[in-house]
Asker: 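Shown below is the structure under consideration.
Note that ligands are numbered from 1 as they come in the structure, with each ligand's atoms numbered from 1 the same way. Values reported hereafter were calculated over all heavy atoms of this structure, with side chains retained and with hydrogens, waters and symmetry mates removed. Each residue takes its place number in the sequence, starting with 1.
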Amino acid sequence: MSKALQPVRGTHDLLPAEYAKHAQVRSRVETIAQRYGYAQMDTPIFEFSDVFHRTLGDTSDVVSKETYNFNDRGGESLTLRPEFTAGIVRSFISEGLQQYTPLRVLYHGPAFRYERPQKGRQRQFHQIGCELLGIASWHADVEMIALAHDALGALGLGAHVTLEINTLGDSDSRAAYREVLVDYLRAHAHQLSEDSTRRLEKNPLRVLDSKAEEDREIVKNAPRLSEHLNAPSRDFFARVSDGLSALGIACARNESLVRGLDYYNHTVFEFTTQMLGAQGTVLAGGRYDALVKTMGGPDTPGIGFAAGMERLVGLRDALGTQAPEPVTLDVAVIAMSEALENDALKLAHELRAADFRVEMAYSGNVGKRLKRADKLGVRVAIVLGEEEATRGEVVVKHLADGTQQTISKAALLTELGKLV
Ligand code: ATP
Ligand code: MG
């Protein structure tokens, strides 16, 4: 097969059965988010490149290696969204959404990252997530994590994920820690991986998150961020932790959790699983108080999370979750002769208007048509024959037991209502 007939590497089709699983996940997460007062919104899948490059930080993996950038015909530099938060914040600013704060929104859709495709890692994948803008206090952190927790629970994943949580502290704490960390890392620079050496000066916190073997030991002995938090940062985190425990939401502190994007502060969290191999993070989020202002908007705190749809679906598959039943049809309409085909079309049309789901088998012998109807879940077939037509009647066949009855066309709708 020619290359152009394959999906592009790292992309996939969502065929009906898979699509139905995505739709089910989406609808359950939406139900939970609505209970918390979140309204759906969407932003364009591409933005001016600056939206992502300035906000995510030029040293983040996402921006430095993973974005799909292109120039359009007008010469504008555009980027396919690698995540939603930057686009939503752009919208917050350009649409003047500040007047609606606290703003609670929910989104879902495709995101694009040029990554090495592997299980749980695609170049076009789908995210579902929430953002809460305008609440600076710890209550928002607890709300966001509780929402994520409830959503995973509604997906039947509660017992199979672990909540890991950390604090990056406020900007003062981070700055103080950064200095200590850079000193330490510089002293070990010759042992660090290439990526980490590059990050050392620009984004040293990310070294803590390194998955490279040679970095692990060095990171293990690195000075800890928790030892450099100032009192307000420690207090903030304690309140978040208390809030979660008041709700009975278990979490584990993971001090090396720093998240891939540059804009986080205070609380960061991830829900992870052991069941998906290396790509075990199903949902991740954090607080981003400086982002709106950095992008040129009014100083507005924010917090949010994003979950990977493919990973949520993959985890449900791994747990043997029953796939959603395909939508079945109610009625099949079969014309026995060419002369009756327009009558059959008209009848099917009327039935659909009356809210029945109708299968029209246009060709094949009656036996074949009935078999196909049966496969589609059809309960009754309406057979239009010449003889019955002259009397204004149709034959109604019950597929379950093969019995049939002749009824007048006039009574059909009422009769069908009782049968399917
Ligand atoms: P990772 O460490 O796996 O690269 P990340 O920190 O880059 O994740 P986020 O930017 O936090 O991921 O995105 C939120 C969620 O989106 C992830 O937890 C994951 O479930 C999902 N996700 C991220 N990148 C991909 C991808 N390339 N393919 C599929 N899902 C992804
Ligand atoms: Mg990534």
Side-chain angles (χ1 to χ4, degrees), residues 7-12 14 18 22 25-26 29 52 55-57 59-68 79-89 106-131 144-145 148 151-152 155 157 160-166 168 195 199 203 205-212 215 254 256-264 267-288 291 302-318:
V8 174
R9 194 164 132 78
T11 69
H12 56 241
L14 284 181
E18 195 65 15
H22 278 240
V25 166
R26 222 156 54 212
V29 175
F52 302 110
T55 58
L56 307 187
T59 60
S60 74
D61 281 357
V62 171
V63 166
S64 60
K65 296 192 284 201
E66 298 173 1
T67 49
Y68 276 92
T79 295
L80 297 184
R81 66 177 172 215
E83 53 105 48
F84 284 68
T85 306
I88 288 176
V89 168
L106 162 71
Y107 63 79
H108 76 81
F112 307 85
R113 297 184 191 180
Y114 192 83
E115 302 202 66
R116 192 171 69 78
Q118 51 196 294
K119 186 168 172 278
R121 200 175 282 292
Q122 293 87 36
R123 290 180 174 174
Q124 175 173 345
F125 60 104
H126 298 81
Q127 285 190 334
I128 187 159
C130 291
E131 311 289 355
M144 193 53 76
I145 294 172
L152 293 168
L155 294 172
L157 303 178
H160 309 278
V161 291
T162 310
L163 169 59
E164 295 179 23
I165 177 169
N166 193 24
L168 303 176
D195 270 350
R199 285 178 189 136
N203 192 0
L205 253 67
R206 276 288 277 150
V207 176
L208 300 178
D209 199 22
S210 170
K211 278 151 195 144
D215 296 336
N254 174 359
S256 58
L257 184 65
V258 295
R259 309 278 308 115
L261 309 177
D262 282 358
Y263 53 59
Y264 290 106
T267 318
V268 290
F269 59 96
E270 288 189 355
F271 284 86
T272 58
T273 175
Q274 300 295 322
M275 295 184 71
L276 291 177
Q279 268 54 255
T281 305
V282 294
L283 183 154
R287 181 171 271 283
Y288 49 84
L291 182 58
I303 181 164
F305 72 75
M309 286 293 294
E310 283 77 5
R311 294 190 194 173
L312 294 175
V313 170
L315 181 53
R316 277 159 61 87
D317 283 348

Asker: Could you tell me which atoms of ligand 1, counted from 1 in the order shown, lie closer than 4.0 angstrom to a heavy atom of Val282?
Answerer: 20 (O)
Asker: Any N or O of Arg121 that comes nearer than 3.5 Å to an N or O of ligand 1?
Answerer: yes
Asker: Are the side chain of Asn166 and the backbone of Leu257 linked by a donor-acceptor contact shorter than 3.5 Å?
Answerer: yes
Asker: Under 4.0 Å from a heavy atom of Gly120: give me the atoms of ligand 1 that qualify, with their elements.
Answerer: 28 (N), 29 (C), 30 (N)
Asker: Among the heavy atoms of Arg311, does any lie under 4.0 Å from an atom of ligand 1?
Answerer: yes
Asker: List every atom of ligand 1 that sits less than 4.0 Å from any heavy atom of Ala284, numbering the atoms from 1 in the order shown and giving each element.
Answerer: 11 (O)
Asker: Check whether any side-chain heavy atom of Arg113 lies under 4.5 Å from a side-chain heavy atom of Glu83, and answer yes or no.
Answerer: yes
Asker: Could you tell me, atom by atom, which parts of ligand 1 come under 4.0 Å of a heavy atom of Glu115?
Answerer: 24 (N), 25 (C), 26 (C), 27 (N)
Asker: Mind listing the closest non-hydrogen atom pair of Arg121 and Gln279 along with its distance?
Answerer: NH2-OE1, 3.0 Å
Asker: Between the candidates Gln127, Gln124, Gln122, which shows the shortest non-hydrogen contact distance to atom 15 (C) of ligand 1?
Answerer: Gln127
Asker: Please identify each residue that fulfils side chain to side chain contact (heavy atoms under 4.5 Å, CB included) with Tyr68, with sequence neighbours left out.
Answerer: Leu80, Phe112, Tyr114, Arg123
Asker: Is there any N or O on Gly308 that sits under 3.5 Å from an N or O of ligand 1?
Answerer: yes
Asker: Excluding sequence neighbours, so at least two apart, what forms side-chain hydrogen bond (donor to acceptor under 3.5 Å, both in side chains) with His126?
Answerer: Glu310
Asker: Can you tell me how the ring of Tyr107 sits relative to the ring of Phe84, calling it parallel under 30°, perpendicular over 60° and tilted otherwise?
Answerer: parallel
